[in-house]
Protein chains: 2
Amino acid sequence: MPRQVDQEERRRRIADAVCALTEEGGLEGVTLRDVAVRAAISLGAVQRCFRTKEEMLLFAVEAVGGRITARVRARLTASPAQSAATALGHAAGEVALVRAEHRAEARIWLAFLAQAAVSPPLAGHLRTGYAALQGLFARLIEEAAAGGTGAGLDPEREARTLLALADGLTAQVLVGHLTERAAEEVLDAQLARMWAGPSGP
Amino acid sequence: MPRQVDQEERRRRIADAVCALTEEGGLEGVTLRDVAVRAAISLGAVQRCFRTKEEMLLFAVEAVGGRITARVRARLTASPAQSAATALGHAAGEVALVRAEHRAEARIWLAFLAQAAVSPPLAGHLRTGYAALQGLFARLIEEAAAGGTGAGLDPEREARTLLALADGLTAQVLVGHLTERAAEEVLDAQLARMWAGPSGP
DNA sequence: CCCGTACCGATACGCTCGCATCGGAAAAAG
DNA sequence: CTTTTTCCGATGCGAGCGTATCGGTACGGG
């Protein structure tokens, strides 16, 4: 068998390049040529890994989504001794890509989100990520409710609320309407109110 | 004086064409040629109205933002007899472009939002729209608090919360993660909880 | 040693983009 | 009717895009 190349590692490198370019100039700033330069390989190699540009972008968005949920999970297992309520706070804080060090990921996510609004296959991949996060949130809320904090809450609905709020905050920080500080304050207040009093009729 | 043309009316027609195209294929599906076709004028005429493409897009986003806030205001003045609390409910419902008939505007808004993350001038125009809506929300909340409903709330923070939540819900409905029904339920529950109990430490 | 094969990099192609240019049509003034 | 001024629509241009192709290259098995 002739020479072999680690395709997976190469794909990961390409995905990283896609993210870097998306962060700088949006999704329309991502060209195959620039990706090749950023990944330090040739255009031909990029085309060997992904037959079309769309295929490449789908792989990249999956990578980003996975990275975000992985980070959330890591944050949870890193501080296991606390209550489910504080764990949810940490998780929500990670999902709202508000902090400066995650600004890049936020830009990437928003770019893919907008594209997904007009590209059904992309939307499918995004939904997968959203569903995972919502499920995670719901489980934490349920756990907290079982522990006595915030009993009477509808876990699914609260999870949806938090996820949407985190997304909206991310976007508004990105365009500069909210400061990082204000967004965190909003999120904290929402969590506090959640635990304080059950909602619903 | 030689022949004169109503430039303003033409600009509005062009903005409408931009919106229609954005709705169909995202912002990158908007080309000067297609805009000209949609507006039923020639490419030369488009270039006469706007010196560059960016100038055209800025005008369009301003038009969309204005239309949304105008719709919210209209909704408020249309049902003046009710309390500030229900008025806020209506306003938030309009901002969260959840209903099917506003799906188009939602797509447009999201497209511009993503672009704004990498284009400072565009971000500026968006901020204007956000500030107007947040101010409106804050005023309504304050009014309701003065009337006794939901006293003790921080109007600015609640306004920010509602706006971010509405934005996030819009996006998640758009990618199909939430149904229109679920989004409305989340929004209603949030409003109910707001009036029920003050937040904060 | 060498040969077959999997990979690579360069180049070409067809297309579309934003933008600039220019001859002519149309309308008010004389 | 002629002139003058404003606007319009067609065409051209250079650049950049995604994609296809092909000769060269290097490696592992015989």
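Chain naming here is simple, since letters A, B, ... match the order of the sequence lines and numbering starts at 1 in each.
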For the residue pair B:Arg193 / B:Gln190, report whether a side-chain donor-acceptor contact shorter than 3.5 Å exists. yes

Quick note, ring-ring contact (aromatic ring centres under 6.0 Å, His included) partners involving residues 32-70 of chain A, not counting sequence neighbours, are A:Phe50-A:Phe59

List the residues meeting side chain to side chain contact (heavy atoms under 4.5 Å, CB included) with A:His125, not counting sequence neighbours, and say none if there are none. A:Leu58, A:Val61, A:Glu62

With the side chain counted from C-beta on, respond yes when A:Gln7 and A:Cys49 share a heavy-atom pair under 4.5 Å apart, and no when they do not. yes

A:Ala145: what forms a side chain to side chain contact (heavy atoms under 4.5 Å, CB included) with it, not counting sequence neighbours? none

Within residues 9-35 of chain B, the residues having a heavy atom closer than 4.0 Å to DNA chain D are B:Arg10, B:Arg33

Student check: side-chain heavy atoms of A:Asp167 and A:Leu113 closer than 4.5 Å: yes

Residues passing the side chain to side chain contact (heavy atoms under 4.5 Å, CB included) test with A:Ala87, sequence neighbours excluded, are A:Leu76, A:Leu140

In residues 43-57 of chain B, what residues come within less than 4.0 Å of DNA chain C, judged by heavy atoms? B:Leu43, B:Gln47, B:Thr52, B:Lys53

